[in-house]
S.K.: 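Supplied in structure tokens, the structure appears directly below.
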Amino acid sequence: MDGLTHLHSGKVRDLYGLPGGDLLMVARDTISAYDYVLDSPIPDKGRILTQLSLWWFEQLADLLPNHVISTDLPPGAPAGWAGRAIVVERLDMVKVECVARGHLTGGGLKEYREHGSVSGVGLPAGLQDGSALPEPIFTPSTKADVGEHDEPMTYAEVEVQEGPEQAARLRDVTLAVYRRGAGLARDRGIIVADTKIELGRRAGGELVLADEVLTPDSSRFWPADQWEPGRVQTSYDKQFVRDWLTSPESGWDRASGEAPPPLPEEIVDRTRAKYVEAYERLTGRTFT
Ligand SMILES: C[C@H](c1ccccc1)n1cc(-c2ncnc(N)c2C#N)cn1
């Protein structure tokens, strides 16, 4: 693909350099579960989550600028990338995974059970898996290498790395994006339990919202009507996959260290439908 320089491949997205310095972010139809990228693509997942991210950038534009330049395919990009590729402004990326949590689960719950805190933020006693936090908290982490897990950072460590003023700005922006997104989603029946945003800086130091934003890949989406603290919550988008992979029908042993088997067509179809449903509930638009 002349004109495109492959720069980075994540679990579900790829990043290319364009002549002139901009970047092309491409979302694939892949889905990951239990830290594996599954062999079975979910048709249109890349397009659905790209269009959701673009809609969120619009909803958040009054809070801070974003890196979106164009959704037109640049020369050299395959036609099959239409709808799931975004030309973005090249930024100096902040080396902090900016995470906000409104509910306690996953790695945060594990840390809470060990230390009574998450990323150094003290929390009240008695919280359970899925509990709503008294208020959303900023729980930054390091940017781990491919295949590694991010490590929690305390706010003090962010201050040392970025400086006190910038650390406060990262915290405030992350919490503002989360509050806006979680509030809007909750009104539409979806709990955004937590989210990770990527921020970058322009040459003049201005903070810009980058990467994808408030998608089921960057956030935990739960159906609000099934929320029940004290147990593992239902995943809005991945529950069919998780249930099948951990059922006798799949023949897969998660403890074996072997990669999961391909998904049955029915599970793929039902998972695609959940992505479409989430997009349509949040945006009020019809996915075509
Ligand atoms: C990890 C993430 C990634 C995204 C998509 C696919 C693979 C990786 N990434 C984003 C940048 C990046 N760098 C400079 N300017 C930007 N606007 C962005 C963005 N977004 C670098 N890495």
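One-based numbering, in listed order, for ligands and for the atoms of each.
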S.K.: Flag the pair Trp244 / Arg270 as yes when at least one side-chain heavy-atom distance between them is below 4.5 Å, and no otherwise.
M.R.: no
S.K.: Apply salt bridge (Lys or Arg N to Asp or Glu O under 4.0 Å) to Glu265 and list each qualifying residue two or more places apart in sequence or on a separate chain.
M.R.: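 Residues passing salt bridge (Lys or Arg N to Asp or Glu O under 4.0 Å) with Glu265: none at all.
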S.K.: Can you classify the ring geometry of Trp81 versus Tyr16 as parallel (below 30°), tilted (30 to 60°) or perpendicular (above 60°)?
M.R.: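 Trp81 vs Tyr16 ring planes: tilted.
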S.K.: Check whether the ring centres of Phe57 and His67 lie less than 6.0 Å apart, and answer yes or no.
M.R.: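 Yes, the ring of Phe57 comes within the 6.0 Å limit of the ring of His67, centre to centre.
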S.K.: List ligand 1's nitrogen or oxygen atoms that come under 3.5 Å of a protein nitrogen or oxygen, with the partner atom and distance.
M.R.:
residue	atom	partner	partner atom	Å
ligand 1	15 (N)	Leu91	N	2.9
ligand 1	17 (N)	His67	ND1	3.0
ligand 1	17 (N)	Glu89	O	2.8
ligand 1	20 (N)	Asp211	N	3.0

S.K.: Kindly check if the number of other-residue, nucleotide or ligand heavy atoms within 6.0 Å of CG (Asp2) is above 12?
M.R.: no
S.K.: Would you call the rings of Tyr34 and Trp252 parallel, tilted or perpendicular, where under 30° means parallel and over 60° means perpendicular?
M.R.: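 Ring orientation of Tyr34 relative to Trp252: tilted.
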